[in-house]
Amino acid sequence: MPTPQKAKSIAELTDQLTRAKLVIVTDYRGLKVTDLQTLRGNLRTSGGEFHIAKNTLTKIAAGHAGVEGLDLHLEGPSALAFGFEDAVQTAKTVSDFVRASRVLVIKGGVMDNRPISAADVEAIATLPSKEELQAKLLGMLISPLTRTLGVLTGPSRSMAYLLNARAEQLGGSAAAAD
């Protein structure tokens with residue numbers, strides 16, 4: 001029977017694991033407290049969290065949450081990065097921090113209840129963000145409409161140019177006659 005403090009930790013981890021779209025398991029050995037605070041702040045802005053948790057409590061919470069494959073990466077000191085809103089942005093934030101710190105190591109993770117490797121996390125980090133994809137989709141939708149509008153307004157524009165040129169021609173000949 002776990003102590004009340006451990007039961008509370010298991011309950012919190014279970015809640016986080018059920019809400020998370022992406023969970024990244026990292027080895028945090030060698031990071032300073034200021035580095036951890038920086039990473040937590042960066043993840044918070046992208047809708048994520050970073051927690052250090054005991055492996056046994058994490059395994060129990062994963063069992064309660066129905067998350068399979070997480071225990072494959074729980075060897076040695078482990079910390080978990082949770083992505084609640086945007087999995088791609090969370091992966092980018094952790095990946096960028098790994099490159100900058102050269103201390104944090106990605107062990108693997110779980111996405112949509114499937115285990116992923118460290119290479120998979122890096123691949124997810126290279127995907128465009130949700131906002132970029134929305135902008136590209138909007139551009140793809142607007143482009144044909146803009147071209148169609150240009151084709152439809154072309155004849156009226158040509159007529160306006162023709163009338164303007166004729167008016168200048170008539171005005172130019174009247175000015176030459178005076």
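Values reported hereafter were calculated over all heavy atoms of this structure, with side chains retained and with hydrogens, waters and symmetry mates removed.
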field: Closest non-hydrogen atom pair, His73 against Ile116
entry: NE2-O, 3.2 Å
message: Between Arg40 and Gln37, does the side-chain hydrogen bond (donor to acceptor under 3.5 Å, both in side chains) criterion hold? Intermediate values first, please.
response: CA-CA 5 Å; Arg40 285 183 175 129; Gln37 290 173 341; over 6 Å; no
message: To the nearest 0.5 Å, what is the distance between CG on Leu141 and OG1 on Thr146?
response: 10.5 Å
query: With a 4.5 Å heavy-atom cut-off, do Ile52 and Leu36 have their side chains touching?
result: yes
task: Only counting residues at least two apart or in another chain, list the ones meeting side chain to side chain contact (heavy atoms under 4.5 Å, CB included) with Arg99.
output: Ser95, Asp96, Glu122
Taking every non-hydrogen atom, the tightest pair across Val67 and Asn113: CA-OD1, 3.2 Å
- prompt: Nearest 0.5 Å, what's the CD1-NZ distance between Ile10 and Lys54?
  reply: 11.5 Å
query: Would you call Val121 and Val94 a side-chain contact if the rule is heavy atoms closer than 4.5 Å?
result: no
message: What's the separation between atom OG1 in Thr58 and atom CG in Leu74, rounded to the nearest 0.5 Å?
response: 5.5 Å
message: If hydrophobic clusters are built from ILVMFWY residues whose side chains come within less than 4.5 Å, do Leu31 and Val105 share one?
response: no
query: Do Phe84 and Thr90 come close enough that some side-chain heavy atom pair is under 4.5 Å?
result: no
query: Under a single-linkage definition using a 4.5 Å side-chain heavy-atom cutoff for Ile, Leu, Val, Met, Phe, Trp and Tyr, are Leu70 and Leu13 assigned to the same hydrophobic cluster?
result: yes
query: Where the side chain of Lys21 meets the backbone of Glu85, is there a donor-acceptor pair that is under 3.5 Å apart?
result: yes
message: If hydrophobic clusters are built from ILVMFWY residues whose side chains come within less than 4.5 Å, do Leu104 and Leu80 share one?
response: no
message: Set out, in order, the CA-CA distance, both residues' side-chain angles and the distance that settles salt bridge (Lys or Arg N to Asp or Glu O under 4.0 Å) for Asp112 and Arg114, then state yes or no.
response: CA-CA 5 Å; Asp112 294 330; Arg114 292 187 189 137; 5.8 Å; no
Least distance between heavy atoms, Ile124 atom then Ala91 atom: CG2-CB, 3.7 Å
- prompt: What is the distance from atom CG of Leu43 to atom CD of Gln89, rounded to the nearest 0.5 Å?
  reply: 9.5 Å
task: Return yes if some donor-acceptor pair links the side-chain N/O of Lys107 with the main-chain N/O of Leu72 below 3.5 Å, else return no.
output: no
- request: Kindly write out the residues that satisfy side chain to side chain donor-acceptor pair (under 3.5 Å) with Arg147, not counting sequence neighbours, or none if the list is empty.
  value: Ser143
- prompt: Can you get from Tyr28 to Leu57 by hopping between Ile, Leu, Val, Met, Phe, Trp and Tyr side chains that sit under 4.5 Å apart?
  reply: no
message: Do Val88 and Leu39 sit in one hydrophobic cluster, given that two such residues count as connected whenever their side-chain heavy atoms are within less than 4.5 Å of each other, even indirectly?
response: yes
Heavy-atom pair of closest approach, residues Ile24 and Leu22: CD1-CD2, 3.8 Å
query: Can you check whether Arg44's main-chain N or O pairs, donor with acceptor, with Ser46's side chain at less than 3.5 Å?
result: no
task: Any chance you could measure Leu137, atom CG, to Ile142, atom CD1, to the nearest 0.5 Å?
output: 9.5 Å
- prompt: So how far is it from Glu49 CD to Gln16 CD, rounded to the nearest 0.5 Å?
  reply: 5.0 Å
statement: Scanning both residues in full, the closest heavy-atom pair of Gly30 with Val103 reads C-CG1, 3.4 Å
field: Shortest non-hydrogen contact from Ala87 toward Met111
entry: CB-CE, 3.8 Å
- prompt: Would the number of heavy atoms belonging to other residues, nucleotides or ligands and lying under 6.0 Å from NZ of Lys59 be above 12?
  reply: yes
- prompt: Mind checking what makes side chain to side chain contact (heavy atoms under 4.5 Å, CB included) contact with Asn42, not counting sequence neighbours?
  reply: Thr38, Thr93
message: Between Phe97 and Ile106, is the side chain to side chain contact (heavy atoms under 4.5 Å, CB included) condition met? List the steps.
response: CA-CA 10 Å; Phe97 189 83; Ile106 297 174; over 6 Å; no
